[in-house]
Amino acid sequence: MSDALARLYAATRAFALATPEVNAFRGLPQDPPRLNKPHTPVPALPHLTAHFPTKMASERGKVMAHAVIDAADQIDWLLTYTEDLVGADFLARYGWFELLGPTGHFMSDDVVAFVGYWGQGLRYPWHWHEAEEIYVVVDGACLFEAEGREARAASPGDTSHHVPWQAHALRTQDQPVLALAIQMGHGLNDVPEILPERGPRAHS
Ligand code: ZN
């Protein structure tokens with residue numbers, strides 16, 4: 001039976017399969033077991049439903065954005081960070097959830113898929129974690145920053161790959177962004193460590 005979360009998982013998997021860099025990084029399982037999780041809202045939900053999908057999205061991106069919105073009132077949304085680390089405006093206009101993973105809506109012990117939303121003009125500060133990761137823009141736009149390379153503007157389908165402990169950051173400008181992040185390796189589910197001392201470097 002197809003429900004909103006099952007449709008979201010299928011749409012996410014289809015989007016990942018259709019994005020060559022993501023598909024090469026790590027495939028997502030076809031029929032993972034479900035975990036019953038409570039719905040937890042975040043303040044950003046009305047922004048998310050108001051902004052997506054945009055005209056920028058691919059057909060698969062639109063399907064995934066619609067699926068996120070359709071399942072939004074069942075998702076266990078997370079904020080993770082404190083106001084001290086990221087600021088009140090960030091917490092009001094951002095949210096993410098573990099779609100697949102050890103504690104996701106769908107379960108896997110060796111691959112995690114997160115979906116995150118950031119409103120316009122936000123800075124996800126420099127942070128790092130042990131798990132290897134790839135980000136892909138589903139809809140909207142952002143700037144991907146990673147230690148050792150130039151910041152790059154990303155639109156739907158563009159990716160950013162992070163090796164273990166490679167510091168990275170994400171900024172939005174005049175567009176919000178809906179992004180998928182897939183992680184594998186050690187440290188799945190570890191909370192990323194924010195690196196406040198790297199903040200100024202990102203502005204140069
Ligand atoms: Zn990361």
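All ligand and atom numbering here is 1-based and tracks the order in the structure. As the structure is a prediction and not an experimental result, all values here were calculated from the model.
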- [ ] Check salt bridge (Lys or Arg N to Asp or Glu O under 4.0 Å) between Glu150 and all other residues, then give those that pass, not counting sequence neighbours.
- [x]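 Glu150: no salt bridge (Lys or Arg N to Asp or Glu O under 4.0 Å) contacts found.
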
Task: Cut-off under 2.8 Å, centre the Zn ion (ligand 1), protein N/O/S atoms - done: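 Protein N/O/S atoms under 2.8 Å of the Zn ion (ligand 1): His129 NE2, Glu133 OE1, Glu133 OE2, His168 NE2.
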
Open item on the list: With a 4.0 Å cut-off on N to O distance, would you call Arg34 and Asp3 a salt bridge?
Closed with: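 So Arg34 pairs with Asp3 through a salt bridge.
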
Task: Donor-acceptor pair, side chain of Trp77 and main chain of Ala72, under 3.5 angstrom - done: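 Yes; at least one donor-acceptor contact below 3.5 Å.
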
Open item on the list: Check for me whether the distance between the ring centres of Tyr124 and Trp118 falls short of 6.0 Å.
Closed with: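 Yes, ring centres under 6.0 Å apart.
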
TODO: Please step through side chain to side chain contact (heavy atoms under 4.5 Å, CB included) for the pair Val138 and Arg60, ending with a clear verdict.
DONE: CA-CA 9 Å; Val138 176; Arg60 281 191 182 83; over 6 Å; no

TODO: Let me know which of His161, His168, Arg26 forms a side-chain hydrogen bond (donor to acceptor under 3.5 Å, both in side chains) with Glu133.
DONE: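 The passing option is His168.
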
